[in-house]
Amino acid sequence: MFRVGIGHDTHRLGPDRPLILGGLRIEHSRGLIGHSDADVVLHALTDALLGAAGLGDIGDAYPDTDPRFKDCDSRLFITETLAKLNERGWSVVNVDLTIFAQEPKLGPIKQRMRAHLAAMLGLSVDAVNVKAKTGEKVGAIGRAEAIGCHVVVLIARE
Ligand code: MG
């Protein structure tokens with residue numbers, strides 16, 4: 001049996017924050033603002049995994065009012081969500097994602113992020129695809145006020 005899930009997230013860019021995307025620290029003058037480390041990629045991926053398994057959303061699982069998740073490493077959300085899926089017999093087949101960022105330029109780090117996410121998910125690199133787009137200088141993303149991410153995942157069980 002197969003199930004598909006979709007995830008989306010957006011966070012604002014601001015000063016005095018590290019930029020964390022897909023679990024990687026990326027050199028940039030600004031970072032994403034949020035309750036946790038504001039990693040839009042891992043948040044959208046968490047939502048896609050939860051959605052595929054019919055388990056609600058990241059806001060239910062990890063409320064942004066909970067002090068346990070203040071500035072927390074979002075890899076925790078992935079690890080715990082994968083465990084929930086595995087308990088129910090699901091495994092991840094593949095992940096496809098698009099990051100929307102006017103800055104920084106993500107072309108140079110796409111392959112590194114892909115390998116990093118594949119390792120995090122226990123998948124081969126060819127089962128994870130990372131795409132990057134600018135906002136064509138329009139809207140909040142195009143003005144470099146925010147970064148967004150869309151993720152689609154396929155999961156399967158016997
Ligand atoms: Mg988020």
Side-chain angles (χ1 to χ4, degrees), residues 3-86 90 92 94-106 109-110 112-123 128-136 138-155:
R3 293 275 177 84
V4 68
I6 186 171
H8 170 259
D9 198 24
T10 305
H11 280 267
R12 278 182 300 127
L13 277 165
D16 305 320
R17 290 276 294 185
L19 179 60
I20 314 285
L21 284 176
L24 296 175
R25 170 94 186 241
I26 293 161
E27 274 314 308
H28 191 48
S29 56
R30 298 183 299 155
L32 293 172
I33 297 166
H35 182 65
S36 65
D37 65 8
D39 186 331
V40 284
V41 175
L42 296 190
H43 292 186
L45 177 56
T46 301
D47 256 348
L49 292 167
L50 289 169
L55 294 173
D57 70 23
I58 192 172
D60 298 334
Y62 303 103
D64 65 5
T65 49
D66 190 329
R68 280 183 302 158
F69 307 124
K70 176 86 181 117
D71 294 325
C72 91
D73 183 335
S74 296
R75 285 177 294 189
L76 170 75
F77 305 155
I78 300 296
T79 310
E80 289 193 358
T81 302
L82 276 180
K84 285 182 196 168
L85 266 62
N86 293 340
W90 294 109
V92 179
N94 77 301
V95 175
D96 187 20
L97 67 88
T98 304
I99 303 168
F100 298 85
Q102 192 67 41
E103 60 177 52
K105 286 279 171 253
L106 297 175
I109 64 133
K110 282 189 296 189
R112 185 157 63 97
M113 188 183 299
R114 180 185 195 190
H116 188 70
L117 291 171
M120 200 185 300
L121 295 164
L123 296 173
V128 179
N129 194 68
V130 174
K131 307 188 293 297
K133 300 190 80 68
T134 70
E136 291 292 336
V138 295
I141 286 170
R143 291 189 298 269
E145 294 168 1
I147 292 178
C149 185
H150 289 167
V151 179
V152 171
V153 303
L154 188 70
I155 62 173

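Counting starts at 1 for both ligands and their atoms, in listed order.
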field: the Mg ion (ligand 1) to His43: nearest N/O/S atom name
entry: ND1
task: Measure up the Tyr62 and Phe69 rings against each other and bin them: parallel (under 30°), tilted (30 to 60°), perpendicular (over 60°).
output: perpendicular
query: Which N/O/S atom belongs to Asp9 and is the closest one to the Mg ion (ligand 1)?
result: OD2
message: Please name the atom of His11, limited to N, O or S, that comes nearest to the Mg ion (ligand 1).
response: NE2
- prompt: Is there side-chain contact between Asp96 and Lys131, with heavy atoms separated by less than 4.5 Å?
  reply: yes
field: Arg12 atom CZ: more than 12 heavy-atom contacts under 6.0 Å
entry: no
- prompt: Going by heavy atoms in the side chains, are Leu117 and Val95 under 4.5 Å from each other?
  reply: no
